[in-house]
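Owing to the predicted nature of the structure, the values given are computational and were not obtained by experimental measurement. Computed over heavy atoms, backbone and side chain alike; hydrogens, waters and symmetry mates excluded.
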Amino acid sequence: MNILTQYFKTKHNTAPFSQIKNEDYLPAIQEGITLAKAEIDAIANNLEAPTFENTIVAMDYTGDILDRASSIFFNLNSAETNDEMQKIAQEASPLLSEFGNDITLNPELFARVKAVYDAKATLTLTPEQSTLLDKKYKSFSRNGANLAEDKKDQLRAIDKELSKLSLQFGENILAETNAFEMHLTDEKDLAGLPEGTIEAARSLAKAQEKEGWIFTLDHPSYVPFMTYADNRELRKKLAIAFGARGFQNNEFDNQEIVLKIAKLRFNRAQLLGYATHAHFVLEERMAQSPEKVLSFSNDMLAKAKPAALKEFEELTAFAKKLDGIEQLEKWDGGYYAEKLKQQLFNLDDEKLKPYFQLEKVLNGAFTIADKLYGLTFTEVFDIDKYHPEVMTYEVTDEKKDLVAIFYADFFPRKGKRNGAWMTSFKSQYVKNGINERPHVSNVCNFTKPTETKPSLLTFNEVTTLFHEFGHGLHGMLANTIYPSLSGTSVFWDFVELPSQVMENWCYEPEALALFATHYQTGEVIPQEYVEKIKESASFHEGLATMRQLSFGLLDMGWHGQDPTGITSVKAFEKEQFESTRLYPEVAENAMSTAFSHIFQGGYSSGYYSYKWAEVLDADAFEFFQEKGIFNREVATKFKDNVLSKGGTEPPMELYKRFRGQEPKPDALLKRAGLL
């Protein structure tokens, strides 16, 4: 009996992590595929005429055992992996990609779906049903169902290869990140570093039974070093190591993989009748076309570039005046920007950190969710977890009904990838009259508590926590009928709205008063700090905007044209960064070889969506500001029209229903000080 293929006899049907063994995963995924195939075959071979219910709806509820087993496995492969799990992932990924193709390339099944789709005009469907029908039909047409047999075989081969390559890409980055450490034994090399950073580096060294201090490429170690370390040579060493990941012509090199992925994606798009991979992807986005993305990006660039150039000149002059630096390099940017920011605002992270104790910030996010949406988060200790550091919560509404289970996992570990993300172990949907509630998880990499201090967050980490919590609320408040339209299953350039809008509360005095209290004295964060946080929010916004646009333009470069002529990753990047370059090139570094968002995650042709969603979030928050940031009426509108609706209707329709109009970029430009 494989525990992963049973209904979990646990509280709220939560995953029984402690009872799952590595050897359970592959057989469970294989059995899940077999069961799902049988369900699909039953639909495809149904002798009754195809209807919306017996074909479209029936398909949406297939494969629940497979979904659970694979979501548990892949979530843990990101948050708590080991060599054995990575091997399993290499075996499981092609099986799942092949199974996906078995569905979309099944002619009998597609014939039934097409019959229902062609009869759409004669059916009376709700907006949610209509969206489901569209998405099911497109899941076939966009994946080769209309292709001839030989072309279908080509598509299968491409998909199998792509799933392996993106896994390999991610494993190489993890290996390169783990392989590097900078071991310091001379105390004067620590000059400028905050004591918390030094203490964390000391703990790392102790754990390896070494003297001195160890710094790594993990964000909680890397970012403070680059921001505060006075030793320019060591900043350079660390920055070059970070930028060289996947670009060192060794066994973990990603250059060939990047070129292969770009070319395979292009070939796949061409097979399906699209000009490029970006044309294929953007058909299912708010932006709709590469032309629109490029015009949006270039329009934003035109507004940000003058500010960025001015900011860069000021920074250059500041570094020269302070330390006689003639040429600002990439490893100087964060360091001198922090110094300049301190001079202008007299506000550094170290001053703020004592007011941002992790537990209090998390409880602040909970309190804000309660004020806006009537949610209560209660920590519980009888729900299984995959690591002792994970915290588990029951989320209930004002009627005391269960809304969701929430997992919070906040500290770096060897088996956990860098960054921060939201995911779910179980989706929300309605089946047999029962509203199945979701199990949602936030995973971050914050500084661990030490022997003398709790986990204290930088302001940037505070906004990260709120960002992921915003995604979390999108998952938790989901209230749709069909699993495939639930929660964060929305267009990719809409998915960042709930997360980014939450960050706005971190800048509001009323909200900060709820959680920003000194971890030792309990004193609320001083008003002057709050004003400075707000003022400094648009500090170097031109540079930040230009940097983000440069990543989006690089993404469109790889995916919005024919990449078959590209032979050198480095040379291609250089060309793509031409319009946004400020710092001198670093020969040893490349961006693409560690650009996990687009080569491992789901952001290919979608990196622009961060900026796109910022336009939405600034416009949405302006509505809250007009009526009061805890206004229940606005919050309810946002919950009912955005957070609970998932992907049931076109996002612009949902947005207009909430806001009463289309979003305008002015709110963002005003907030960023770029108007």
Side-chain angles (χ1 to χ4, degrees), residues 40 43 50-64 67 100 103-104 109-143 145-146 272 280-289 292 424 427-433 435-438 471 473-498 602 606 609 612-613 616 637-659 662-663:
I40 290 292
I43 297 166
T51 64
F52 179 75
E53 284 297 326
N54 74 16
T55 304
I56 307 299
V57 174
M59 277 175 65
D60 213 50
Y61 289 109
T62 58
D64 54 342
D67 288 347
I103 294 177
T104 51
L109 186 63
F110 179 53
R112 290 183 71 87
V113 171
K114 192 171 181 331
V116 181
Y117 184 76
D118 290 343
K120 191 176 175 177
T122 65
L123 307 173
T124 40
L125 300 177
T126 65
E128 182 172 350
Q129 291 172 327
S130 179
T131 301
L132 186 71
L133 177 54
D134 269 355
K135 289 204 169 169
K136 281 286 178 268
Y137 177 74
K138 279 183 173 162
S139 74
F140 286 86
S141 64
R142 287 169 58 79
N143 287 296
N146 290 316
L272 292 168
F280 169 76
V281 169
L282 292 165
E283 182 182 73
E284 289 290 272
R285 298 285 195 268
M286 287 177 87
Q288 294 174 329
S289 72
K292 199 160 171 189
S424 74
S427 299
Q428 177 274 335
Y429 54 89
V430 176
K431 192 176 181 186
N432 304 329
N435 194 329
E436 294 279 348
R437 298 312 302 165
H471 281 310
L473 290 172
H474 199 187
M476 290 182 251
L477 289 167
N479 201 19
T480 62
I481 296 169
Y482 307 113
S484 69
L485 302 179
S486 180
T488 54
S489 306
V490 299
F491 279 177
W492 208 265
D493 44 11
F494 193 57
V495 81
E496 294 298 333
L497 166 62
S609 58
W612 182 275
L616 297 174
K637 268 189 152 174
F638 193 65
K639 182 175 91 171
D640 293 349
N641 295 302
V642 176
L643 295 178
S644 67
K645 283 281 190 283
T648 54
E649 291 180 63
M652 194 56 91
E653 292 309 308
L654 295 175
Y655 189 83
K656 285 194 300 202
R657 213 171 298 152
F658 153 66
R659 188 68 167 100
E662 287 207 4

Are side-chain heavy atoms of [X] and [Y] found at a separation under 4.5 Å?
X      : Y      : answer
Ser484 : Met59  : no
Ser130 : Glu649 : no
Trp612 : Lys292 : yes
Val116 : Leu123 : yes
Asn54  : Ile43  : no
Met286 : Pro650 : no

Which pair of heavy atoms, one from [X] and one from [Y], lies closest together, and at what distance?
X      : Y      : result
Gly606 : Trp492 : O-CD1, 4.4 Å
Thr480 : Ser644 : CG2-O, 3.6 Å
Pro498 : Val642 : CG-CG1, 4.4 Å
Ser489 : Leu485 : CB-C, 4.0 Å
Pro50  : Ala115 : CG-CB, 3.8 Å
Val495 : Thr488 : CG2-O, 3.7 Å

Could you name each residue pair satisfying salt bridge (Lys or Arg N to Asp or Glu O under 4.0 Å) that touches residues 639-648, not counting sequence neighbours?
->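 Sorted pair list comes back empty.
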Polar side-chain atom of Tyr655 near backbone of Leu616 as donor-acceptor pair, under 3.5 Å |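 Yes, Tyr655 side chain to Leu616 backbone: donor-acceptor pair under 3.5 Å.
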Arg437 side chain to Met476 main-chain N or O, any donor-acceptor pair under 3.5 Å?
->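 Between the backbone of Met476 and the side chain of Arg437 there is a qualifying donor-acceptor contact (under 3.5 Å).
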Value rounded to 0.5 Å, distance of [atom1] in [X] from [atom2] in [Y]:
X      : Y      : atom1 : atom2 : result
Leu125 : Leu132 : CG    : CG    : 9.5 Å
Tyr482 : Lys135 : OH    : NZ    : 14.0 Å
Leu282 : Asp493 : CG    : CG    : 7.5 Å
Ile103 : Ile40  : CD1   : CD1   : 4.0 Å
Ser141 : Asp134 : OG    : CG    : 9.5 Å
Leu272 : Arg142 : CG    : CZ    : 8.5 Å

Restricting to pairs with a member in residues 117-138, which pass ring-ring contact (aromatic ring centres under 6.0 Å, His included), not counting sequence neighbours?
->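 Output for this query lists Phe110-Tyr137, Tyr117-Tyr137.
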Partners of Asp118 by side-chain hydrogen bond (donor to acceptor under 3.5 Å, both in side chains), sequence neighbours excluded?
->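 Result, side-chain hydrogen bond (donor to acceptor under 3.5 Å, both in side chains) vs Asp118: Lys114.
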Any residue meeting side-chain hydrogen bond (donor to acceptor under 3.5 Å, both in side chains) with Lys637, in chain and number order, not counting sequence neighbours |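 Partners of Lys637 by the side-chain hydrogen bond (donor to acceptor under 3.5 Å, both in side chains) criterion come out as none, since no residue qualifies.
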Who are the ring-ring contact (aromatic ring centres under 6.0 Å, His included) partners of His474, not counting sequence neighbours?
->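 Not a single residue meets the ring-ring contact (aromatic ring centres under 6.0 Å, His included) criterion with His474.
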Return the set of residues passing ring-ring contact (aromatic ring centres under 6.0 Å, His included) with Tyr429 (not counting sequence neighbours), or none when no residue passes.
->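 Per chain and number, Tyr429 pairs via ring-ring contact (aromatic ring centres under 6.0 Å, His included) with no residue.
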Lys138/Glu283 ion pair, N-O < 4.0 Å |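 So Lys138 does not pair with Glu283 through a salt bridge.
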Among side-chain atoms of Ser486 and Gln428, is any donor-acceptor pair under 3.5 angstrom?
->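 Distance-only check passes for Ser486 and Gln428.
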Quick one: which of Arg657, Glu653, Arg659 gives a side chain to side chain contact (heavy atoms under 4.5 Å, CB included) with Asn641?
->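 Exactly one pass, corresponding to Arg657.
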